[in-house]
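Worksheet: one structure, shown below.
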Number of protein chains: 2
Amino acid sequence: MKFESATIKDIALKLNLSKSTVSRALRDSYEISEQTKKLVLEYAKKINYRPNPIALSLKERRSHTIGIVVPEFSNNFFSQAINGMESIAYSSGYNVIITQSHESYDREVINVEHMAYRSVDGLLISVSVETENYDHLKKLHERGLPIVFFDRIVEEIDTYKVVCDNFKGAYDATTHLIKKGFKNIAHITSAEQMFITQKRLEGYRKALEDNKIPFQPHLIQYCVHGGKITKEVEDAITSLFKKKIKPDAILSAGDRITTVMLPIMKKLFSTDHKIAYMGFSNSDLTDLFCPSLSVIRQPAFEIGQAAMEQLITIIESKRPIKEFTTKTFESSIIIKESTN
Amino acid sequence: MKFESATIKDIALKLNLSKSTVSRALRDSYEISEQTKKLVLEYAKKINYRPNPIALSLKERRSHTIGIVVPEFSNNFFSQAINGMESIAYSSGYNVIITQSHESYDREVINVEHMAYRSVDGLLISVSVETENYDHLKKLHERGLPIVFFDRIVEEIDTYKVVCDNFKGAYDATTHLIKKGFKNIAHITSAEQMFITQKRLEGYRKALEDNKIPFQPHLIQYCVHGGKITKEVEDAITSLFKKKIKPDAILSAGDRITTVMLPIMKKLFSTDHKIAYMGFSNSDLTDLFCPSLSVIRQPAFEIGQAAMEQLITIIESKRPIKEFTTKTFESSIIIKESTN
DNA sequence: GCTTTAAATGACATCGATTGCGTAAAATAA
DNA sequence: TTATTTTACGCAATCGATGTCATTTAAAGC
């Protein structure tokens, strides 16, 4: 099955003109007489001519298309960020194509390369939890593909980055829990090598320190798959509650972990088991939970917008950009019943 | 900023061979001597040569890429369906690019055309709630672009379709509510012209009829934006409760409406206001709600898989397919506290 | 040693659109 | 009327890869 489309050649043949003339007529060139232009335009309209973007991409080496790679759509942070990106892209005349890495390094590499070689003009990416080797991105970046990182950034590649103040988010949340009187605050977090994991942990530790609460390493649990595998979260929880000093509060890093953790807690403990929850989450549904969830919410839409703006800046810049900045947004903590 | 990549020409120049020879060597043609092949392959590897897919698409008129258009990622049904699609596509050697229509007809048209003209080999689409005119799809379909519809199908275009038994889903849910003793079951649903809206309404009515409960038109509320605009759901609810006979249960059609409805109800009525809820939803979080939500759940992943399988069948079929079928999946109703 | 044949490679057109350069015809200037 | 400038268009190369056809070279056949 093939899909045929009208070409410049078809028009040229029909009107007894050369391809060049038709092309120029369509682009309203001054070299073409009004009469011919009219003729061409009318016929083009009649047969519903559209320039073949593939041919254009080949010729012009750009596609007016921007590639986005995120771990998962089902994570609200990412779907909201994508919405922000789309809003900017569309108003700037770019199209957007989106893929998910499913937190898999291999899938990420395939998606990134597929997009790059399909002539996206630039790439917005939040790396997968598995990604520790950045060669696939470095290679493209060195060859001049504009890349902007957001949220899960890659420190060692020098380009624009857009993040949330993860340190402060974790710090504020932990401080809130401390003020509420919780002493043994567990932190269930994502893979250790991730930059945001480190920042959040730092925020958590600093809040403890500032409040003179000793840091207890056993209260930190890493989920190497970022909570994608339910079992790892279950293991994390089990291991937390096996210890002599049991946590009275849990701070979770990441939408996925937050929402996977709750049913597990419900399953493992009776409902009256009093423990405080707080987590990073951009879900709109946490208000409906029992108890309603205190969350650290990131301005995902705005982060997406900023990242797209930066990317378009690079793409449209005449000369290579040397000085890159990292834009940081503030997260907000929203207090509900789960930390009362 | 431009992104340069090694080409066959580069290899040919370097090795003093013609482009044809290099091309053939890379494709391991029998016409090329082992020696030359080795030479070419080694150099190609060294400079990290990759065939330019744009050039290939132009030549071969296919891209090994499949386009997916959904209303929104944040709707779990769609993100799960996409996961199913991806799983099949990847194992069949296709890449996938995804766009959202945001329930906007205009955006849908732009996205569909962008993909078609960018040489996707086929299209999987669930139309936006606004879409009443199908010319953009008909046009492409007539020109031979393989299209498969899923969930929100277009009746009048003859191709493979994959749906859920919406009639039965609504019938079963309504029957459950009736059995639980509810008499005034409201139905808040999506735009009236949508096929699935009609089917769900039919299921609802049939259940009433089978149980000898009179159908009350004022209990039906349409949300023309599918719940995307909070206000329309609020208006729907307000208008339901303005009537003399107030509903004792609400059946909602669609993830969005379900999750938007609940906070509104909370806001409008006191918590002890006893009313039953049941809705179509594929969210994983409805168990955590207060009360936990009875839902009609669709096998989204399997629907996605089936749709992708059908599409690949069309793409890879040697002769045009004449006989199209519609694959129907069963939804399941999951009973929780909200209908007790 | 000359012809036949197979093996290995090159030249060129193609996909669709753009663009620099060349040129015929028409318009203007001399 | 001849020279010069415009106007309006065509030719051909280009982007990267493929494939048809032709050509070179070497090996085999007689």
Side-chain angles (χ1 to χ4, degrees), chain A residues 2-41 43-44 47-65 113-114 116-121 143-144, chain B residues 2-41 43-44 47-65 113 116-119 121 143-144:
Chain A
K2 228 175 348 187
F3 167 73
E4 304 287 347
S5 196
T7 73
I8 275 202
K9 203 173 156 191
D10 299 335
I11 302 180
L13 247 48
K14 175 74 176 188
L15 301 182
N16 244 318
L17 290 167
S18 76
K19 288 193 301 170
S20 346
T21 307
V22 175
S23 169
R24 274 184 273 249
L26 290 168
R27 326 198 85 241
D28 199 30
S29 159
Y30 67 96
E31 292 185 287
I32 305 297
S33 71
E34 289 306 320
Q35 215 181 356
T36 310
K37 277 184 194 168
K38 203 174 149 229
L39 210 67
V40 171
L41 254 34
Y43 186 67
I47 63 170
N48 194 26
Y49 167 82
R50 301 291 189 97
N52 179 330
I54 300 281
L56 282 176
S57 297
L58 180 59
K59 186 108 182 76
E60 296 181 359
R61 276 109 169 288
R62 62 178 300 189
S63 57
H64 271 94
T65 300
E113 302 203 329
H114 176 244
Y117 283 95
R118 287 230 139 251
S119 284
V120 292
D121 294 345
R143 285 215 233 152
Chain B
K2 231 174 342 185
F3 168 73
E4 304 288 346
S5 196
T7 74
I8 276 201
K9 203 173 155 191
D10 299 335
I11 303 180
L13 247 47
K14 174 76 176 187
L15 300 181
N16 244 318
L17 291 167
S18 77
K19 288 193 300 170
S20 336
T21 307
V22 174
S23 169
R24 275 184 278 251
L26 289 169
R27 326 196 85 241
D28 200 29
S29 161
Y30 68 97
E31 294 183 288
I32 305 297
S33 69
E34 288 306 321
Q35 213 181 357
T36 311
K37 277 185 195 167
K38 202 173 150 228
L39 211 64
V40 170
L41 254 35
Y43 187 65
I47 63 170
N48 193 29
Y49 168 81
R50 300 291 188 97
N52 179 331
I54 299 281
L56 282 176
S57 297
L58 180 59
K59 187 113 184 73
E60 298 181 359
R61 274 107 169 286
R62 63 178 302 191
S63 57
H64 271 93
T65 300
E113 302 203 328
Y117 284 95
R118 287 229 139 253
S119 283
D121 294 346
R143 285 214 234 153

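Lettering of chains follows the sequences in order, A, B, ..., and the numbering in each one begins at 1. Please read these numbers as outputs of a predicted model, since none were measured by experiment.
A donor and an acceptor atom, one from each side chain of B/R118 and A/S57, are located under 3.5 Å apart.
Between B/T36 and the phosphate of C/dT9, there is a side-chain N or O to OP1/OP2 separation shorter than 4.0 Å. Remark: A/R61 is in phosphate contact with D/dG16, judged by side-chain N or O atoms under 4.0 Å from OP1 or OP2. Proximity of A/T21 to the phosphate of D/dC9: no side-chain N or O atom is located under 4.0 Å from OP1 or OP2. Within the 4.0 Å cut-off from OP1 or OP2 of C/dT9, at least one side-chain nitrogen or oxygen of B/S33 is found. In this model, the phosphate group of C/dT19 is approached by a side-chain N or O of A/R27 to a distance below 4.0 Å at OP1 or OP2.
Among the atoms of the strands shown, none is found under 4.0 Å from any heavy atom of B/S57. Counting non-hydrogen atoms under 4.0 angstrom, B/S20 reaches a base of the nucleic acid. Within the 4.0 angstrom heavy-atom criterion, base atoms lie near A/K19. The residue A/D10 sits apart from the nucleic acid: no heavy atom pair falls under 4.0 Å. Nucleic acid contact class of A/L58 (heavy atoms, under 4.0 Å, all strands): base. At a threshold of 4.0 angstrom between heavy atoms, the contacts of A/S23 include nucleobase atoms, whether or not backbone atoms are also involved.
Distances were taken from every side-chain heavy atom of A/I32 (C-beta onward) to each of C/dT18, D/dC9, C/dG16; the shortest belongs to D/dC9.
You won't find any donor-acceptor pair under 3.5 Å spanning the side chain of B/R50 and the base of D/dG16, going by distance alone.
Between B/Y49 and A/L17, the residue anchored nearer the 5' end of DNA chain D, judged by the nucleotide with its closest heavy atom, is A/L17.
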